[in-house]
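Worth knowing before you read on, the calculation uses all heavy atoms, side chains too, and leaves out hydrogens, waters and symmetry mates.
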Amino acid sequence: MGLSNVVEFVNEKKEAVMDWGIKTVSVTIGTATGGAAGGASGAGLFAGIGMVIGGPPGAGIGFAIGSFVGTGSGLAAGAVGGKKVGKIISESLKED
């Protein structure tokens with residue numbers, strides 16, 4: 001494969017590779033930040049509710065449950081949001 005063939009191949013595939021890279025990075029960042037934010041907010045919310053209902057033991061149980069539930073929902077929401085952002089970025093970078 002000569003150098004001109006390599007250049008031609010890269011020019012043909014660069015848009016697809018760039019598209020995939022942008023979407024993958026966007027989903028990864030969205031998932032990570034969503035999971036962290038969801039876990040922190042879920043832990044705080046459920047610890048507060050648990051403290052009111054059951055005192056310190058309730059707060060501990062609420063913290064654990066809230067971390068679990070918040071992280072799971074945050075991961076899902078972050079992945080969806082990241083995918084949408086990646087699509088927007090990818091579309092805006094496409095050449096006319």
Side-chain angles (χ1 to χ4, degrees):
M1 185 179 256
L3 185 58
S4 62
N5 291 343
V6 171
V7 171
E8 185 178 315
F9 177 78
V10 169
N11 284 336
E12 285 177 15
K13 304 296 181 188
K14 72 178 178 182
E15 189 172 316
V17 171
M18 189 172 73
D19 232 16
W20 177 83
I22 290 170
K23 288 179 183 175
T24 302
V25 168
S26 297
V27 169
T28 303
I29 292 171
T31 303
T33 55
S41 63
L45 176 67
F46 278 77
I49 292 170
M51 185 69 172
V52 169
I53 294 172
I61 293 168
F63 181 87
I65 293 170
S67 297
F68 212 57
V69 171
T71 301
S73 58
L75 287 170
V80 171
K83 185 176 182 180
K84 289 180 182 179
V85 169
K87 187 175 181 181
I88 291 168
I89 292 171
S90 182
E91 291 297 321
S92 69
L93 291 176
K94 285 188 179 175
E95 298 174 351
D96 293 326

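- Cluster partners of Phe63: none. The rule joins Ile, Leu, Val, Met, Phe, Trp and Tyr whenever side-chain heavy atoms lie under 4.5 Å apart, and it links nothing here.
- The nearest pair of heavy atoms linking Ser73 to Gly70 is OG-O, 3.3 Å.
- By the 4.5 Å side-chain criterion applied to Ile, Leu, Val, Met, Phe, Trp and Tyr, Val69 is assigned to a cluster that also includes Leu45, Phe46, Ile49, Ile53, Ile61, Ile65.
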Throw together a table of side-chain donor-acceptor distances under 3.5 angstrom for residues 21-30, partners on residues two or more places apart or in other chains.
{"residue": "Thr24", "atom": "OG1", "partner": "Trp20", "partner atom": "O", "Å": "2.7"}
{"residue": "Ser26", "atom": "OG", "partner": "Ile22", "partner atom": "O", "Å": "2.8"}
{"residue": "Thr28", "atom": "OG1", "partner": "Thr24", "partner atom": "O", "Å": "2.8"}

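- Hydrophobic clustering, defined by side-chain heavy atoms of Ile, Leu, Val, Met, Phe, Trp and Tyr closer than 4.5 Å, leaves Phe68 isolated from every other such residue.
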All N/O donor-acceptor pairs, side-chain side in residues 34-41, below 3.5 Å, sequence neighbours left out:
{"residue": "Ser41", "atom": "OG", "partner": "Ala37", "partner atom": "O", "Å": "3.0"}
{"residue": "Ser41", "atom": "OG", "partner": "Gly38", "partner atom": "O", "Å": "3.3"}

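- Residue pairs that meet the salt bridge (charged side-chain N to carboxylate O under 4.0 Å, His left out) test with at least one member in residues 76-93, sequence neighbours left out, are Glu91-Lys94.
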